[in-house]
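All residue numbers in this chain count up from 1 along the given sequence.
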Amino acid sequence: MTMLKNLPEEVFNLWNNWEIRGMVLLSLFLQTILIIFGSRRKTTRRSWIRILVWSAYLSADMVATVALGNLARSQGDSSGDSSEKASSSIQAFWAPFLLLHLGGPDTITAYSIEDNELWLRHLLGLVVQVGVAFYVFSKSWPSGILAFIAIPMFIVGIVKYAERTWVLWSSCSKSLKNSSIYDFSGSYNRSRISKTPPQDLQENCLLQAYVFSYISKLVMQDLVPDIPSLIRSRKLISKNEADGAFKVVEVELGLIYDMLYTKAPLIYSRAGIILRCISSLLSVTAFITFQVMIDKHDYSTTDIAVTYLLFAAAVFLEFYAFLCLVLSDWTMIWLIDKGGNGLTSATYSQLRKLTRSERWSRSISQYNLISSSFESEPPKCLELLGIDEMMRQMHVNRKDLNVGLQGLIFGHLLKKAEKTKEDLNVCDKNVRSKIIGQRGDGVLEREGLLRDYKWCTTEVEFSRSILVWHLATDTCYRADKDASSEYEASRCLSEYMMYLLVIRPNMLSKGFGDDEACQATLRVLRRLNYQNTLLELRNRESRGYYDEGFQIRWKTEKSVLNGVDKGGEGRGCIILHQYVWKTEKSVLNGVDVLVRQLRSLEPEKRWEMINEVWVEMLAHAAAHCPWKEHTHQLRRGGELLTHVSLLMLHLGLTEQYEYNKSDELFLYLEGVSIPKILLKYEERREYLMAEQKYLRGIAVMSGSSADERLKELEKIVADTERDLERKKREHEREERVLERMLKLEKHEVEQLRSSLTALAPQQGIDSLPRSLPAQTNDQGTGQPPSNNEISLSME
């Protein structure tokens with residue numbers, strides 16, 4: 001304030017008159033932004049919308065709190081003339097509206113899921129801010145009818161703030177973990193979805209999504225569903241076509257977003273509807289009373305205008321909440337579930353025409369490493385400031401998710417699920433873990449090519465595998481000009497996985513976030529001008545591994561692999577490459593070899609294999625991505641990886657389903673079997689057969705464990721002892737050889753010295769050859785070799 005007093009008097013008076021008004025209007029403006037754009041972040045990837053919502057969300061509470069504090073300070077000063085007192089009284093009338101702003105709109109209660117864990121802080125804020133508003137309200141009580149009009153708005157403000165606090169508590173991890181799998185079973189049995197014919201399932205995707213949301217809510221908190229739920233969900237999702245299955249998951253993720261980031265858990269309940277009716281009635285009543293009972297000439301025109309704006313925003317907020325309630329998926333689900341007559345069907349049809357079909361961005365992010373390598377490397381100072389992450393986003397493009405790509409992904413996952421069902425392995429977690437652990441090796445093993453492609457799939461880190469296959473796919477795509485449109489899906493998945501590696505590395509696997517290999521490859525590409533390398537690879541004939549470079553390396557380094565090459569020179573070059581790949585860790589060398597391997601295949605087989613490899617890599621990444629990362633992406637427009645994760649969950653391709661003894665289908669009471677879980681005959685039969693196979697496998701392993709494991713251990717110990725004994729003998733033999741060589745050399749030196757000493761004075765140097773007959777044994781002119789020399793020769 002001391003600094004403000006130094007300003008001109010006109011500026012100082014303007015600040016005093018507009019300090020509270022400006023704060024209240026700013027709070028109203030921030031609430032308007034949250035109302036309009038709060039739900040749009042679910043359906044768009046535009047950065048400016050996220051930044052706008054983030055800024056408004058963080059500023060809204062702070063501005064409303066400061067405005068309440070200024071109101072409390074202004075009410076504490078009772079001095080002044082009648083006009084100042086009138087202005088003070090109508091400004092005190094704004095306190096309930098600030099409580100309403102602190103309650104926030106229905107479209108956003110939490111910016112991120114971490115905000116839900118801060119519900120206790122908001123509860124404390126509720127107590128403090130309501131106390132401050134009460135203080136302001138009590139100071140203005142003698143101001144007549146205006147104080148009575150503030151009572152209903154005060155109730156509405158407290159209700160809104162309490163709603164937000166309760167929703168934050170209900171969406172925190174501790175509350176969500178109280179969910180039970182019996183919620184899924186109950187909704188499955190209560191709804192008409194289990195009785196609906198397959199041809200009608202496309203129309204009832206909303207109801208399917210509602211049923212599946214119970215399982216999703218369970219697994220997102222790392223809870224474990226049972227095997228009967230796996231069988232039911234797989235059967236239900238398998239009846240859909242690819243487009244229908246993705247539509248179900250799309251609606252399901254929309255319901256999960258509402259549960260985590262909005263007031264949906266409350267406003268779509270019976271208590272929420274009652275509170276909505278009460279708050280709407282009180283708001284309209286207060287507005288009409290203010291319009292009729294208050295003499296506008298007693299107060300400042302500016303204050304009256306601000307009050308009208310606050311009333312208009314409050315009424316608009318209630319009206320907008322009512323529209324969201326009526327036109328939401330939750331209302332449509334209720335109509336479908338309770339439907340059956342002509343009125344509800346007609347109402348549902350009309351509501352479907354009014355709602356938008358968008359529930360997420362329906363776009364796939366693309367990042368091409370080669371295209372980004374043409375740009376200059378950003379300065380080091382930008383990395384320190386964190387701006388390099390924003391610069392990476394400049395190279396990201398978007399593509400719409402098409403039906404062909406949906407069919408490719410869903411068909412691949414459905415085949416794996418059906419294979420698990422046919423083999424009766426739904427109860428075996430290890431089998432499911434092995435299936436989702438495949439990242440290209442499953443396809444290659446089926447084609448009989450895994451032996452030659454192990455080096456770039458299972459025997460390398462996932463990040464380097466993505467890098468090599470991405471660059472090789474792009475090279476083959478550019479080389480096959482005639483088939484570019486036909487194999488667009490492979491390149492699309494390749495660039496999407498590259499986007500995840502560079503922009504969203506935390507989604508690939510738990511604890512994964514090191515892009516050192518990617519950045520090193522990018523620097524090499526910039527240095528080598530990779531465009532020329534592409535031209536060279538594109539025009540290169542399919543020569544396998546017989547080019548000059550490999551032959552030179554094979555001849556120079558063949559000694560490293562001596563005795564390993566049993567499949568000819570070509571197989572030996574593969575082994576050499578794998579050796580160099582493991583030691584040098586050069587991605588571009590791997591790309592060179594992988595391109596030649598792929599180009600040696602027929603085009604149709606090549607691209608079919610590339611498609612399957614990328615889908616398997618996508619499924620591997622989806623299965624190992626933490627659910628927390630998926631929930632984060634819901635507020636950024638959604639990710640294809642999240643949709644694939646839920647499809648795999650509903651198809652049973654996840655480790656989170658576990659068999660428990662408590663999952664028995666029947667409860668035996670006094671010799672009578674009572675079904676605990678209502679399964680159909682085919683579902684019950686599948687479960688019992690899978691359970692029998694699983695328990696038989698455990699029994700076989702446990703029954704033969706004593707003898708077989710002991711024999712295995714004895715065999716391992718015996719093999720280890722033989723190996724150690726063999727190495728010991730070789731070592732001793734080497735020592736004996738060295739010792740004999742030293743003794744022989746020493747003996748020869750002694751013989752030479754004695755001969756020179758004894759014969760030199762008598763016969764001279766020219767008689768020396770005749771004095772050493774023992775040294776000419778190898779020419780057959782001397783004595784036979786000694787035993788030591790024979791042993792040394794054999795060694």
Does [X] have more than 12 heavy atoms from other residues, nucleotides or ligands lying within 6.0 Å of its [atom1]?
X: Glu117; atom1: CD; answer: yes
X: Arg446; atom1: CZ; answer: yes
X: Glu604; atom1: CD; answer: no

Next on the checklist: Checking Gln208 against Asn240: is there a side-chain donor and acceptor pair closer than 3.5 Å?
Outcome noted: yes
Pairing of [X] and [Y] as salt bridge, 4.0 angstrom limit:
X: Glu612; Y: Lys415; result: no
X: Lys628; Y: Glu114; result: yes
X: Asp243; Y: Lys247; result: no
X: Asp258; Y: Arg359; result: no
X: Arg504; Y: Glu629; result: no
X: Glu461; Y: Arg464; result: yes

Checklist entry - If we only count heavy atoms from C-beta on, is the His643 to Gln406 side-chain gap below 4.5 Å? => result no
Checklist entry - Heavy atoms, side chains only, cut-off 4.5 Å: are Asp474 and Leu471 in contact? => result no
Item to check | Cation-pi check, Arg41 onto Tyr111 ring (under 6.0 Å, within 45° of axis) | outcome: yes
Item to check | Sole residue of Lys399, Arg491, Glu639 in side-chain contact (heavy atoms from CB on, under 4.5 Å) with Tyr496 | outcome: Glu639
Next on the checklist: Are His620 and Phe462, when compared by the centres of their aromatic rings, separated by less than 6.0 Å?
Outcome noted: yes
